[in-house]
Undergrad: 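Before I ask anything, here is the structure I am working with.
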Amino acid sequence: MIIRCCDDEPLMLQMLEMAVQQAKPDADISAYDDQDELLEDAEKDGCDIAFLDIHMRAMTGVELAKRLKEINPKMNIIFVTGFSEYAGDAMKMHASGYIMKPVTKEKIEEELSDLRFPIEPKKGALLRVQCFGNFDVFTPDGEHVHFDRSRSKEIFAYLIHRHGSSCSTKEIAAALFEDEPYDEKQQNYLQQLVYAMIKSLKKIGLEKVVTRSYNALAVNEELIDCDYWRFRELDGGAVNSYQNEYMSQYSWAEFFLDDYDDWEE
């Protein structure tokens, strides 16, 4: 979870940052007294929640919120102020919350418990999958999942890319090996890779995330939390995390950008 705090008064900013750290110690928290710097970092690295003082010089919190909403319409904005007359303007921004100073850990916790756009891991997920940047797979507690063969990991990546759709071994071969003939030799090699993939998942007791039928494979969507899938659902954190790189190590994944253009249209 990425949280950014902004106040142009150093002492107030320090108090705000401290309260947020106490309320959410496991979050990635950054503090800013410069609105442009916050905007730059939010556009570059994302932002799930922004705590903004309303009454600031150069750019008010409401103006800053409008700019942040242009980056990500589902960003959670929580306004912080000592002036109650600004509440109306703040709420017009469809803010997630509104805190009167002095800021305390308890006030922060109350707002974080009732966000307009909740940020929480998928319930029941046994794996967390990262598609943006390089493809990688983790257990829910952050432990890296090791695949014995790189091509087996690539097969799993392709199944994730297909978002739960059943894929024949011929389809998988066409993606991974492109123009190579789908002959008996390649079929046998693919079967070995599939077996190695299942074996790697079985080592951590998670072979059930892949379902198998005659000559076809699919991933069980209910058991996987994936940034790409969240992105397609317009999840705020996932939208922020996409920086024009998708499964960078796989050439077939380049078509994702073409698909994304179609979504926008």
Side-chain angles (χ1 to χ4, degrees), residues 46 121-140 142-182 186-187 189-204 206-265:
K122 183 176 178 178
K123 293 180 180 178
L126 301 180
L127 286 179
R128 179 173 62 83
V129 173
Q130 170 189 300
C131 296
F132 296 154
N134 279 334
F135 177 79
D136 244 321
V137 185
F138 306 88
T139 60
E143 182 180 348
H144 187 266
V145 175
H146 173 72
F147 288 82
D148 293 332
R149 303 178 71 165
S150 60
R151 283 290 198 180
S152 294
K153 181 178 180 179
E154 187 173 0
I155 290 174
F156 190 69
Y158 185 72
L159 295 177
I160 291 293
H161 174 73
R162 291 295 300 272
H163 206 308
S165 298
S166 182
C167 305
S168 69
T169 52
K170 188 174 183 179
E171 287 179 280
I172 296 170
L176 269 64
F177 307 119
E178 298 181 356
D179 299 326
E180 295 181 23
Y182 187 62
Q186 188 184 85
Q187 291 176 47
Y189 178 48
L190 191 61
Q191 290 298 333
Q192 293 174 25
L193 294 176
V194 170
Y195 173 77
M197 177 188 70
I198 299 298
K199 184 179 178 181
S200 295
L201 292 170
K202 193 172 184 178
K203 283 181 179 179
I204 56 174
L206 297 180
E207 66 272 20
K208 62 183 176 181
V209 300
V210 175
T211 58
R212 289 179 284 177
S213 56
Y214 178 71
N215 205 35
L217 299 165
V219 289
N220 188 333
E221 296 176 273
E222 298 301 318
L223 303 179
I224 297 171
D225 191 1
C226 173
D227 56 357
Y228 162 50
W229 298 351
R230 284 177 175 261
F231 178 91
R232 297 201 65 153
E233 296 167 359
L234 297 180
D235 173 84
V239 170
N240 276 330
S241 66
Y242 178 57
Q243 300 294 324
N244 295 315
E245 288 190 342
Y246 174 76
M247 297 193 188
S248 303
Q249 68 266 55
Y250 304 132
S251 59
W252 50 262
E254 294 173 2
F255 295 107
F256 168 81
L257 294 176
D258 297 331
D259 293 341
Y260 180 43
D261 289 339
D262 292 338
W263 303 345
E264 293 187 309
E265 292 173 5

Undergrad: Going by the rule side-chain contact (heavy atoms from CB on, under 4.5 Å), which residues pair with Ala174 if we only count those two or more places apart in sequence or in a different chain?
TA: none

Undergrad: Test side-chain contact (heavy atoms from CB on, under 4.5 Å) on Ser251 and Glu178; report intermediate values, then the result.
TA: CA-CA 10 Å; Ser251 59; Glu178 298 181 356; 3.3 Å; yes

Undergrad: Let me confirm one number: the CH2-CD1 distance from Trp229 to Ile160, rounded to the nearest 0.5 Å.
TA: 4.0 Å

Undergrad: With rounding to the nearest 0.5 Å, note down the distance linking CD1 in Ile172 to CG in Leu193.
TA: 10.0 Å

Undergrad: Side chains of residues 197-204: which donor-acceptor pairs under 3.5 Å do they make with residues two or more places apart or in other chains?
TA:
{"unit_1": "Ser200", "atom_1": "OG", "unit_2": "Asp148", "atom_2": "N", "d": "3.1"}
{"unit_1": "Ser200", "atom_1": "OG", "unit_2": "Ala196", "atom_2": "O", "d": "3.0"}
{"unit_1": "Lys203", "atom_1": "NZ", "unit_2": "Asp148", "atom_2": "OD1", "d": "3.3"}
{"unit_1": "Lys203", "atom_1": "NZ", "unit_2": "Asp148", "atom_2": "OD2", "d": "2.9"}

Undergrad: Can you list the residues that meet the side-chain contact (heavy atoms from CB on, under 4.5 Å) rule with Arg162, with sequence neighbours excluded?
TA: Tyr158, Ser165, Cys167, Glu171

Undergrad: Closest heavy-atom contact between Glu221 and Gly164?
TA: CG-CA, 3.9 Å

Undergrad: Apply side-chain contact (heavy atoms from CB on, under 4.5 Å) to the pair Leu223 and Leu127, showing each step before the final yes or no.
TA: CA-CA 7 Å; Leu223 303 179; Leu127 286 179; over 6 Å; no

Undergrad: For His146, check ring pair (Phe, Tyr, Trp, His ring centres under 6.0 Å) against everything at least two apart and list the hits.
TA: none

Undergrad: Would you please name every residue forming a side-chain hydrogen bond (donor to acceptor under 3.5 Å, both in side chains) with Thr211, sequence neighbours left out?
TA: none

Undergrad: Any chance you could measure Ser166, atom OG, to Tyr214, atom OH, to the nearest 0.5 Å?
TA: 13.0 Å

Undergrad: For the residue pair His161 / Tyr246, report whether a side-chain donor-acceptor contact shorter than 3.5 Å exists.
TA: yes

Undergrad: Would you say Phe138 has more than 12 foreign heavy atoms packed within less than 6.0 Å of its CZ?
TA: yes

Undergrad: If you compare all heavy atoms of Ser248 against all heavy atoms of Asn134, which two are closest, and at what distance to 0.1 Å?
TA: CB-OD1, 3.4 Å

Undergrad: Name all pairs fulfilling the salt bridge (Lys or Arg N to Asp or Glu O under 4.0 Å) condition that reach into residues 128-139, sequence neighbours left out, sorted by first residue then second.
TA: Asp136-Lys153

Undergrad: Taking all heavy atoms of Cys226 and all of Cys131, pick out the closest pair and write down the distance.
TA: SG-SG, 3.7 Å

Undergrad: What are the two closest non-hydrogen atoms of Asp225 and Arg230, and how far apart are they?
TA: OD1-NE, 2.7 Å

Undergrad: Does Glu180 have any side-chain contact (heavy atoms from CB on, under 4.5 Å) partners at least two apart in sequence or in another chain, and if so, which?
TA: Phe177, Gln186

Undergrad: What residues form a ring pair (Phe, Tyr, Trp, His ring centres under 6.0 Å) with Tyr182, not counting sequence neighbours?
TA: none

Undergrad: Asn215: what forms a side-chain hydrogen bond (donor to acceptor under 3.5 Å, both in side chains) with it, not counting sequence neighbours?
TA: Thr169

Undergrad: Does Gln130 use its side chain to pair, donor to acceptor, with the backbone of Asp227 at less than 3.5 Å?
TA: no

Undergrad: Where do Leu190 and Ile155 land on the side-chain contact (heavy atoms from CB on, under 4.5 Å) test, with the steps shown first?
TA: CA-CA 9 Å; Leu190 191 61; Ile155 290 174; 3.8 Å; yes

Undergrad: With a 3.5 Å distance limit and no angle check, can you tell me whether Gln191 reaches the backbone of Tyr195 through a side-chain donor-acceptor pair?
TA: no

Undergrad: Among all residues two or more places apart in sequence or in another chain, which pass the side-chain hydrogen bond (donor to acceptor under 3.5 Å, both in side chains) test with Glu154?
TA: Arg151, Trp252

Undergrad: Taking ring pair (Phe, Tyr, Trp, His ring centres under 6.0 Å) as the definition, give me every residue that meets it alongside Phe147, ordered by chain and number, with sequence neighbours left out.
TA: Phe156

